[in-house]
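Reviewing the structure listed below.
Sequence lines set the chain letters: A, B, ... in the order given, protein chains first and strands last, and positions in each chain run from 1.
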2 protein chains.
Amino acid sequence: MFTEDGYDKTSLREIAEKLGVTKAALYYHFPTKDDIVSSLIEQRIAAVDALLDWAEAQPRDSATRREFLERYAVLHDEFVHENVIRFFERNQTLINTLPAGKRMREQMMRVFALLTDPSDSLTQQLRRALALFSIHASWFLLRERPGTPEERRAAALEVASELLRSADAPAGEDADPAG
Amino acid sequence: MFTEDGYDKTSLREIAEKLGVTKAALYYHFPTKDDIVSSLIEQRIAAVDALLDWAEAQPRDSATRREFLERYAVLHDEFVHENVIRFFERNQTLINTLPAGKRMREQMMRVFALLTDPSDSLTQQLRRALALFSIHASWFLLRERPGTPEERRAAALEVASELLRSADAPAGEDADPAG
DNA sequence: GTCTATATAAGGATAGAC
DNA sequence: GTCTATCCTTATATAGAC
């Protein structure tokens, strides 16, 4: 409901009705509206933290980034991950205002820091960011198309890998801006 | 304010206060909250419609798509375009619920239809969608980096062109998924 | 752990004077 | 065209019985 209609437009009354209980019962389990979101993201936050811990202990090179992205894409196939990402993509302003949103933002910055290097050019950083976005948004970008979730994941990872490889290549080798 | 805090979290009272008038005065100029958004997007809708009219009269080929994207990127440098896009990216659920949002969605689908071909593979469609997203999101993705708006635009267009070219290439030529 | 009932605040939107 | 004052609805959240 938060993803489809928006966090602000989804009232606790509606949630309670859908659950077949009253608002008061809902408040017993979730002291605030934010706590509902928090409970939804716990599993994902923990899984990505673990993946980041692993990656940050590896050599800081292309191979690690590549493998990180592959494992990240596998995670993303799980229901909870895709839904958390879709929720925050559709309610981006919550990343600044909601406590649970701030945790997501900080973790995402950690992911981005892993994928990029301070010496990267703007073009390289953009490619790396788009690689991540390719995985996040493949569901949305390809939803009109026929295809299984597996096919979509494969396409997302293929394009993401291509972008990472392009970002790793020496400048000028991969593109001809004037062409 | 809509972009930073969210459309729903920004009240007409806050807007009126910022303008130094009362809510009632605001309502004189904008009968509904949606009309405020509508007034903001008019200029962009018209400009992109004109660009689409031009492109749809051209041959449906790679050169047209490439030139469309370049002209689209130039448009995007204008304050109003970047801000409209940022507004809808940060308030995506409004694309379904707000009348002004529906107009934006329909136009975006027209843009996407121009860039893609029904015979495209999932990978190709994803590349084309990311090309568009590269231009839309370069501000956001690169905001932490030093660089002028011109440099960001150049980087966005370079990556976008690269993605379009990669999507145009015959399958298997541009990537090695197993590598 | 769930209920009924209610507190309290804020929202979008209007009426009517000036 | 702007104001004061207000309507009506909904929201998050709480109190207290069962």
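- In this structure, the salt bridge (charged side-chain N to carboxylate O under 4.0 Å, His left out) partners of A:Glu67, at least two apart in sequence or on a different chain, are A:Arg71.
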Give the table of side-chain donor-acceptor pairs shorter than 3.5 Å for residues 77-85 of chain A, with sequence neighbours excluded, one pair per line with atom names and distance.
residue, atom, partner, partner atom, Å
A:Asp77, OD2, A:Arg153, NE, 3.3
A:His81, ND1, A:Arg44, NH1, 3.2
A:Asn83, ND2, A:Phe79, O, 2.7

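- Atom CG in A:Leu26 sits about 14 Å away from atom C1' in D:dA11, given to the nearest Å.
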Exercise. When you check every protein heavy atom under 4.0 Å of nucleotides 2-15 of chain C, what one-letter string (B, S, -) results, 5' to 3'?
Worked result: BBB------SBBBB

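- A:Glu56 is linked by a side-chain hydrogen bond (donor to acceptor under 3.5 Å, both in side chains) to A:Arg110, counting only residues two or more places apart in sequence or in another chain.
- Residue pairs meeting the side-chain hydrogen bond (donor to acceptor under 3.5 Å, both in side chains) criterion with at least one member in residues 85-95 of chain B, sequence neighbours excluded, are B:Glu4-B:Arg86.
- Residues near B:Phe112 contribute nothing to a hydrophobic cluster around it, because no ILVMFWY side-chain heavy atom sits closer than 4.5 Å to its side chain.
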